[in-house]
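All remarks here apply to the structure that follows.
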Amino acid sequence: PCCLRRVLHFAERSTADEWLHRRVLVDVMQDLQRVDDEATPAEVIHGLARKTMKTLGLTDPFLEEKRRWIRDALSQEPWIRSVVDGSTDPFLSALRLAAAANILDCELRHEILPKGFSLKTLVEGLEKVPFSLDNAEEFRVSVQAAESVLFIHDTAGELFFDKLLLEKLGKPSNSVV
């Protein structure tokens, strides 16, 4: 059901053609019958999403939305930085914000967030982001002790917030890869 819902979401974002929506779902259901039992959910959805994108003639159904979030974040950069830097713990604030910003590229964001959610809501609510502070302190200590840090970035919408966190790690730029 998750896979079907996801590819239908892609189709609905790209076209109002209900026939094409059904075609994509039929194709995915046929592919699901042949899924390797050992495949991870990420592997399964990746393959299905790639095929769906090809069928729909898309490279990224969220491209314009990602560009908008990036523009919004960059246009608000001085304010966002002042909120983080003005907090009692800029490292923890940047960590919370980077974690919370992952919602920007969540394709189900509209279903799980309240109406009126905005970049301002995200930044002003960063202190309310549920987070295990014990893990944050362990992370801080581990980062400080590490010679180098491998940072894996996953999507474009939260890129600015990840960059802000990287700055707050306090590591020389050549030690973060």
Side-chain angles (χ1 to χ4, degrees), residues 1-81 83-84 94-126 128-132 150-166 176-177:
C2 179
C3 292
L4 295 174
R5 182 174 171 199
R6 193 161 181 187
V7 297
L8 179 58
H9 183 69
F10 293 159
E12 289 173 340
R13 287 184 64 88
S14 67
T15 180
D17 184 340
E18 290 185 19
W19 179 89
L20 193 51
H21 297 172
R22 285 190 302 278
R23 178 77 254 150
V24 165
L25 290 174
V26 167
D27 287 350
V28 167
M29 286 187 280
Q30 289 173 352
D31 288 349
L32 284 171
Q33 293 175 16
R34 296 183 296 275
V35 167
D36 178 0
D37 291 344
E38 299 295 317
T40 66
E43 291 170 321
V44 173
I45 194 60
H46 178 74
L48 297 173
R50 284 178 53 107
K51 183 175 182 179
T52 300
M53 295 303 120
K54 186 174 181 179
T55 300
L56 296 170
L58 298 172
T59 54
D60 183 351
F62 303 97
L63 185 61
E64 279 309 309
E65 199 168 351
K66 288 176 185 178
R67 286 179 176 158
R68 183 178 55 84
W69 282 114
I70 291 168
R71 277 192 311 269
D72 287 355
L74 292 176
S75 71
Q76 298 292 324
E77 181 175 358
W79 172 69
I80 296 167
R81 285 181 180 281
V83 169
V84 170
L95 182 60
R96 284 179 187 256
L97 195 52
N102 279 283
I103 198 70
L104 298 178
D105 277 347
C106 175
E107 62 198 48
L108 303 176
R109 180 182 65 255
H110 301 292
E111 296 175 28
I112 59 177
L113 290 175
K115 279 214 180 281
F117 175 79
S118 67
L119 186 62
K120 184 175 193 251
T121 307
L122 178 76
V123 174
E124 289 178 346
L126 74 93
K128 296 176 189 151
V129 173
F131 211 67
S132 172
L150 173 64
F151 193 90
I152 300 173
H153 174 77
D154 61 332
T155 55
E158 76 270 4
L159 183 61
F160 167 76
F161 302 100
D162 288 347
K163 178 182 172 199
L164 186 58
L165 173 60
L166 289 172
V176 179
V177 292

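Keep in mind the model is a prediction, meaning the values are calculated, not measured.
Scored by the side-chain contact (heavy atoms from CB on, under 4.5 Å) test, Leu166 finds Phe151, Leu169, Val176 as partners (sequence neighbours excluded). Glu77 is linked by a side-chain hydrogen bond (donor to acceptor under 3.5 Å, both in side chains) to Arg81, counting only residues two or more places apart in sequence or in another chain.
Closest approach of Phe160 and Ile80 over heavy atoms only: CE2-CG2, 3.7 Å. Contact record, Ser14 with Leu56: OG-CD1, 3.6 Å, taken as the closest heavy-atom pair. Considering every non-hydrogen atom in both Leu4 and Met29, the closest pair reads CD2-CG, 3.6 Å.
Residue pairs meeting the salt bridge (charged side-chain N to carboxylate O under 4.0 Å, His left out) criterion with at least one partner in residues 14-26, sequence neighbours excluded, are Arg23-Asp27. The stretch residues 30-39 participates, sequence neighbours left out, in these salt bridge (charged side-chain N to carboxylate O under 4.0 Å, His left out) pairs: Asp31-Arg34, Asp31-Lys51.
Of the inter-residue distances, the one linking Cys3 atom SG with Leu25 atom CG reads 11.5 Å to the nearest 0.5 angstrom. Within the model, atoms CG of Leu97 and CG of Asp162 stand 9.5 Å from one another, a figure rounded to the nearest 0.5 Å.
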Without placing hydrogens or testing angles, list every side-chain donor-acceptor pair under 3.5 Å for residues 41-50, not counting sequence neighbours.
from  : atom 1 : to    : atom 2 : distance (Å)
Glu43 : OE1    : Thr40 : N      : 2.7
Glu43 : OE1    : Thr40 : OG1    : 3.3

